[in-house]
Amino acid sequence: MENSFLSTDGTAKKSDFISACRNEQHPRVPVWFMRQAGRSLPEYKKIRGTGSILEAASDPERAAQITLQPVERYGVDAAILFSDIMVPVHSIGFGIEIQPGIGPVVENPFESIEDLKRLRTLEPEIDVPYVGEAIKILSQECPVPVIGFAGAPFTVASYLIEGKPSRLLEKTKALMEQEPEIWDSLMNQLSDITISSLNHQIESGASAIQLFDSWAGLIEPEIYEQKVFPYSKRVLSSINNSRVPKIHFGVGTQPILHLIAVAGADVVGIDSNTPIDAARAKLGNEIAIQGNLDPEICLEPIEVVEKAVSEILKLNNNNFGHIFNLGHGVLPDTDPGVLSHVVEMVHSHKLLERKDG
Ligand code: 1CP
């Protein structure tokens, strides 16, 4: 069944989320939230422990439990594995820490050709066995599809080069322009790591994958096309299982939306500045869209949230290829009650049956 996902016991379960990824008919709009695991949930804080997120994510039982928390609390239509985009490069020993309140920090950032030696092929069963184990636990316990994910080569490269979160990406831009051969080698190595990581998650039971190229919109469209797009395309075209929907997401991608799609996505994730109807005008009605409630709006009074949710559902215009989500991740101060209300609102909005059957 196309609109279902398989659990490891071999039973096929129907899923509005999978149907929407495939732009097929289903009764109600599916919804999940980027960064729904962790963050503001009190039940997360209880079991999170005091170590780094990288430690919490490397304990498969705990990672599976955290992944399930938003499914249980909000009733979302998909779970996203509790992990981080830096896990694969961390696991091969690049020297990454995730600092609370900051994000990924690299002790010795990537600077020169010598640093290529610090990267190697990812052997998932040896380097990140806990990722597969967490997904296997979830295949048994999670009532909705589990989304596996990876950072796209560009976004991961930007952290390795900048050494810490940056919105200017000056060093990254300098390297890609001034050292094209080093850039190509770095991006190829990161592409191989990303492909191994995603295929491992799928083999372990992930029912969909999302490629996060969070910062793809921070570079000029022409540069994106030459220096970033080819690698993301290779990653998406190297997914072994064609049944697994592929979601491709970035912030500020309006000018490059067609490239985000033709890189090989089944679903294009859009940010809050890209109205759904504008995205469809660029992409056509065949490809599914994921998004795009502004996470900042979730901090506003509930009437403001309701209005914004209704507006998005209206702009979607009864299209089956819509997965409701935020335009970027849940903000740490978000009241979980607001997200529960958003899920109720989205679920109570009925999609009309397609006349063509
Ligand atoms: O729903 C979930 O929270 C699932 C797990 C998850 C995901 C999907 C985490 C846990 N991180 C991510 C993806 C991720 N990590 C992205 C892509 C999504 C996005 O754009 O937000 C990015 C860019 C990162 C890098 C990262 N890791 C940041 C952002 C830094 C920046 O440049 O602004 C941060 C703050 C982290 C740390 C992190 N990752 C995850 C958690 C729960 C945390 C917080 C740290 C902690 O609890 O110790």
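For ligands, and for the atoms within them, numbers begin at 1 and follow the listed sequence.
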Verify same cluster id: Leu211, Tyr231 (apolar side-chain graph, 4.5 Å): no
Hydrophobic cluster identity match, Leu218 and Ile256, side-chain contacts under 4.5 Å: yes
Approximate separation, where rounding is to 0.5 Å, of Phe94 CZ and Arg118 CZ: 3.5 Å
ILVMFWY cluster, Trp32 and Val342 together (side-chain gap under 4.5 Å): yes
Every residue of the protein that comes under 4.0 Å of ligand 1, judged on heavy atoms: Arg35, Gln36, Ala37, Tyr44, Arg48, Ile53, Ile80, Leu81, Phe82, Ser83, Asp84, Ile85, Ile98, Ile102, Gly103, Pro104, Phe149, Tyr159, Pro165, Arg167, Phe212, Ser214, Trp215, His328
Close side-chain approach of Met34 to Ile80, heavy-atom, < 4.5 Å: no
Mutual orientation of the aromatic rings belonging to Phe149 and Phe212 [parallel < 30°, tilted 30-60°, perpendicular > 60°]: perpendicular
